[in-house]
Amino acid sequence: MARPKSGLTGPHYIAPDMSARLTEAQHITFLRLGGSTWLRKKLDAELQHMAARPANPIRRSGL
């Protein structure tokens, strides 16, 4: 039996290579929080939060 399709498969999925330099303690914490599954959930929650609030123009810092 095939597994059900998810948002991570299909013709519109782009697999970006991502990496981050972490200390050993940060890496262990990341894994304890749930690793990539946890990160995807946090990113989805942030996208929903951003979509719910009105758009604000990006302010330049004068640099």
Side-chain angles (χ1 to χ4, degrees):
M1 180 193 295
R3 66 176 177 77
K5 298 244 180 206
S6 72
L8 300 176
T9 58
H12 301 292
Y13 175 67
I14 299 172
D17 287 333
M18 296 182 64
S19 64
R21 293 184 181 267
L22 303 173
T23 64
E24 183 178 357
Q26 290 170 331
H27 185 241
I28 290 168
T29 301
F30 172 72
L31 294 176
R32 285 182 178 161
L33 288 169
S36 60
T37 301
W38 168 81
L39 180 59
R40 280 193 297 272
K41 288 179 182 178
K42 292 298 273 186
L43 290 171
D44 286 341
E46 181 62 23
L47 286 170
Q48 289 178 353
H49 178 70
M50 290 172 63
R53 61 183 171 195
N56 292 327
I58 297 173
R59 297 180 184 159
R60 298 197 180 248
S61 61
L63 295 176

**Prompt:** When clusters are formed by joining ILVMFWY residues with side-chain heavy atoms under 4.5 Å apart, either directly or through shared neighbours, do L39 and L47 land in the same one?
**Reply:** no

**Item:** Co-membership, hydrophobic cluster, residues F30 and M18, 4.5 Å side-chain
**Value:** no

**Prompt:** How would you list, by chain and number, every residue that makes a side-chain contact (heavy atoms from CB on, under 4.5 Å) with T23, sequence neighbours excluded?
**Reply:** A25, Q26

**Message:** Taking side-chain contact (heavy atoms from CB on, under 4.5 Å) as the definition, give me every residue that meets it alongside L31, ordered by chain and number, with sequence neighbours left out.
**Reply:** H27

**Message:** Please enumerate all residues that pass salt bridge (charged side-chain N to carboxylate O under 4.0 Å, His left out) together with E46, with sequence neighbours excluded.
**Reply:** R53

